[in-house]
Visitor: 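What follows is a structure written as structure tokens; I'll ask about it next.
Below, all heavy atoms of this structure are taken into account, side chains as well, without hydrogens, waters or symmetry copies.
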Number of protein chains: 2
Amino acid sequence: MGLSLPQPSCSNCRISDLCLPYGLHINEVEQLALIIKNKRPLRIDELLYSRDTECLNLYAVKSGSFRGFITNTEGVEQTIGFYLPGELMGLDALLHGRFSCSVVALETSSVCELPLARLNELCVELPSLQYQMMRILSKEITSDHDQMLLLGRSSAKERMLMFLLMLSKRYGALGFSTTEFNLSMRRQDIANFLGLSNETISRQLTELSKAGVIAVKQRGIRIIDLNLLKSIVEPCYAHPISCPA
Amino acid sequence: MGLSLPQPSCSNCRISDLCLPYGLHINEVEQLALIIKNKRPLRIDELLYSRDTECLNLYAVKSGSFRGFITNTEGVEQTIGFYLPGELMGLDALLHGRFSCSVVALETSSVCELPLARLNELCVELPSLQYQMMRILSKEITSDHDQMLLLGRSSAKERMLMFLLMLSKRYGALGFSTTEFNLSMRRQDIANFLGLSNETISRQLTELSKAGVIAVKQRGIRIIDLNLLKSIVEPCYAHPISCPA
DNA sequence: ACTTAATATTGATTCAGATCAATAACCTCA
DNA sequence: TGAGGTTATTGATCTGAATCAATATTAAGT
């Protein structure tokens with residue numbers, strides 16, 4: 001007989017405003033919490049779900065972090081994103097009921113399990129939940145578009161900087177430091193996400209260190225001059241007058 | 001006094017099963033049709049909407065084709081997709097109520113206008129419409145992920161082939177020929193979409209012509225050997241035994 | 001603490017595709 | 001019908017990042 005995990009409560013959850021409950025009334029949040037199940041934590045490199053399997057649940061990151069990826073017919077892998085606390089995984093499966101990507105834990109991590117059938121029922125009852133689902137789906141589309149711009153038109157340096165800036169923002173939103181954080185992913189994962197080689201990632205980090213923009217100690221990143229970093233990647237922020245847009 | 005356009009009817013629409021009405025009952029389709037408005041056709045290069053403007057309507061392509069794109073702070077443009085009949089545009093705006101990309105007509109094209117406020121109301125009343133919206137959003141996410149794989153990990157030749165194969169499939173779904181079609185976009189647009197230069201697009205098309213895979217006559221494309229084309233881009237299809245996946 | 005494996009850095013070389021440059025083909029409309 | 005502009009092709013050269021290769025560093029297990 002396994003240990004039974006406690007029923008989760010979104011109302012107490014520190015990150016509920018960054019997650020599915022955002023915009024819901026307190027009694028609606030409680031209804032949502034009733035359908036959510038806790039899962040035992042996943043260990044590093046453990047698979048949460050894999051491509052082509054039936055999607056019975058969506059998952060929200062509760063703690064830790066995950067990596068989503070797809071592979072082509074030759075087995076070439078592309079990391080399509082990293083998931084931090086509050087973020088929903090599995091949205092790509094709403095089309096056919098099967099996951100179209102795979103997700104692994106980057107560190108010891110836990111998730112909230114959202115049974116899809118019951119979530120759908122609840123969306124019919126609670127319009128605000130429905131809207132929030134659509135907002136979340138829409139957000140994923142927008143950030144995927146940004147990633148396409150990055151993969152299609154940016155240099156290695158720009159990609160590296162945008163990656164650091166993205167993490168900085170997301171950690172900030174979670175209440176952590178925007179200038180000091182530990183990467184939960186390997187260089188190889190960053191490289192794969194950014195469409196570069198891991199050697200190029202190393203070189204870019206080294207260059208940025210030498211330029212005094214960041215300090216790197218293995219997985220630990222400290223952004224020394226966040227404004228400088230922003231000004232390299234988004235020149236308009238540094239010279240607003242020259243950029244009417 | 002302008003000409004008043006006729007009230008559209010989804011029930012009669014040739015492509016309704018590829019569009020928002022898919023999965024709805026006939027009376028539900030009629031409810032949907034009531035909120036839809038026709039717009040006058042757009043001319044080539046005419047802007048349907050642009051980034052950062054308020055999104056009051058979603059748009060479905062009725063005829064013709066469109067190009068969606070985003071620009072970074074330096075004005076560098078990335079085409080994020082092409083829209084063919086039946087496809088919904090503006091889904092990226094559900095997050096903040098503002099479009100996060102711009103859309104222009106590639107040829108003389110028409111759209112159905114879907115007032116967002118009324119669409120939202122209708123989603124609350126009609127769960128099947130709600131599900132269909134989510135499926136469409138999910139589909140966009142999946143295809144964006146495929147595009148990331150393409151931009152991150154593919155050679156110029158693979159990109160070109162995948163692009164042709166994608167168009168072939170989409171035209172096929174619309175009931176057109178899968179092997180003979182006219183490109184509605186410029187080489188420059190294809191290049192931008194695929195993260196390549198327009199010279200590279202020209203060269204790839206020339207090479208594929210010389211190899212006898214396709215015939216190119218300006219915007220006109222004829223795929224001479226669709227299976228050969230598929231086998232180059234998806235080697236597993238040609239040699240199923242060697243690829244367990 | 002020591003061994004082994006995994007991960008990260010750094011250097012040397014190569015190459016795919018960008019860029020630069022020069023036609024060529026096509027469309028538009030006067 | 002032809003002049004001017006746009007779009008596409010083709011060639012020559014360059015370059016950023018991949019690849020190949022070697023070493024360094026860290027983590028994990030006994």
Visitor: Hey, which of B:I224, B:L226, B:L229 is the one that makes side chain to side chain contact (heavy atoms under 4.5 Å, CB included) with B:I214?
Guide: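 Result: among B:I224, B:L226, B:L229, B:L229 is the only option passing the side chain to side chain contact (heavy atoms under 4.5 Å, CB included) with B:I214.
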Visitor: Roughly how many Å is it from CD1 in A:I44 to C1' in C:dT7, rounded to a whole number?
Guide: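 Rounded to the whole Å, the gap is 12 Å.
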Visitor: Would you indicate which nucleotide in D:dT9, C:dT7, D:dA17 comes nearest to any side-chain atom of A:R186?
Guide: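 Looking only at side-chain atoms, A:R186 lies closest to C:dT7.
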Visitor: Side chain of A:T200: nearest nucleotide among D:dT9, C:dA18, D:dA18?
Guide: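 Closest of the options to the side chain of A:T200: D:dA18.
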Visitor: If you only use heavy atoms from C-beta on, which nucleotide in D:dA8, C:dA18, D:dA21 is closest to the side chain of A:E199?
Guide: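 Between D:dA8, C:dA18, D:dA21, the one nearest the side chain of A:E199 would be D:dA21.
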Visitor: Report the distance from atom CD of A:Q204 to atom P of C:dT10, rounded to the nearest whole Å.
Guide: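 Nearest whole value for this atom pair: 13 Å.
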Visitor: Just compare C:dT9, C:dT10, C:dT19 and give me whichever is closest to any side-chain atom of A:T206.
Guide: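 So the side chain of A:T206 is nearest to C:dT10.
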Visitor: Write down the distance between CD (A:Q218) and C1' (C:dT7), rounded to a whole number of angstrom.
Guide: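 Result: 8 Å.
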Visitor: Tell me whether the centres of the aromatic rings in A:F193 and A:F82 are closer together than 6.0 Å.
Guide: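 Yes, the ring centres sit under 6.0 Å apart.
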Visitor: Please report, rounded to the nearest Å, how far the C1' atom of C:dT7 is from the CD atom of A:E107.
Guide: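 Computing the A:E107:CD to C:dT7:C1' distance gives 17 Å.
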Visitor: To the nearest angstrom, how far is A:D189 atom CG from C:dA8 atom P?
Guide: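 Value for this atom pair: 8 Å.
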Visitor: Checking A:S65 side chain against A:L84 main chain: does a donor-acceptor pair fall under 3.5 Å?
Guide: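 Here the side-chain-to-backbone pair does not exist.
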Visitor: Report the distance from atom CG of B:L106 to atom C1' of D:dT7, rounded to the nearest whole Å.
Guide: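 That distance rounds to 15 Å.
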Visitor: When you check the gap from the basic side-chain N to the acidic O, do B:E74 and A:R153 get nearer than 4.0 Å?
Guide: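 Result for this pair is no, no salt bridge flagged.
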Visitor: In whole angstrom, what separates A:N198's CG from C:dT7's C1'?
Guide: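 Those two atoms, CG and C1', are 9 Å apart.
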Visitor: For A:S202 and for B:S154, find the nucleotide of DNA chain C with the closest heavy atom, then tell me which residue's nucleotide is more 5'.
Guide: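 Closest to the 5' end, via its nearest nucleotide, is A:S202.
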Visitor: Would you classify A:R219 as touching base, sugar-phosphate or nothing, given that sugar-phosphate means primed atoms plus P, OP1 and OP2, and contacts are heavy atoms under 4.0 Å?
Guide: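 Sugar-phosphate contact only - A:R219 comes under 4.0 Å of backbone atoms but never of a base.
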Visitor: With a 3.5 Å cut-off and just heavy-atom distances, do the side chain of A:R203 and the base of D:dT19 make a donor-acceptor pair?
Guide: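 Such a pair is found, so the answer is yes.
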Visitor: Rounded to whole Å, how long is the line connecting atom CG of A:L151 with atom P of C:dG17?
Guide: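 So the two atoms are 15 Å apart, to the nearest Å.
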Visitor: Any base atoms under 4.0 Å from B:L196, or only sugar-phosphate, or nothing? Heavy atoms, all strands.
Guide: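 Here B:L196 touches the backbone only, sparing every base.
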Visitor: Would you say that more than 12 heavy atoms from the other residues, nucleotides or ligands in this model lie under 6.0 Å from the CZ of A:R219, or not?
Guide: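 Counting other residues, nucleotides and ligands, CZ of A:R219 exceeds 12 neighbours.
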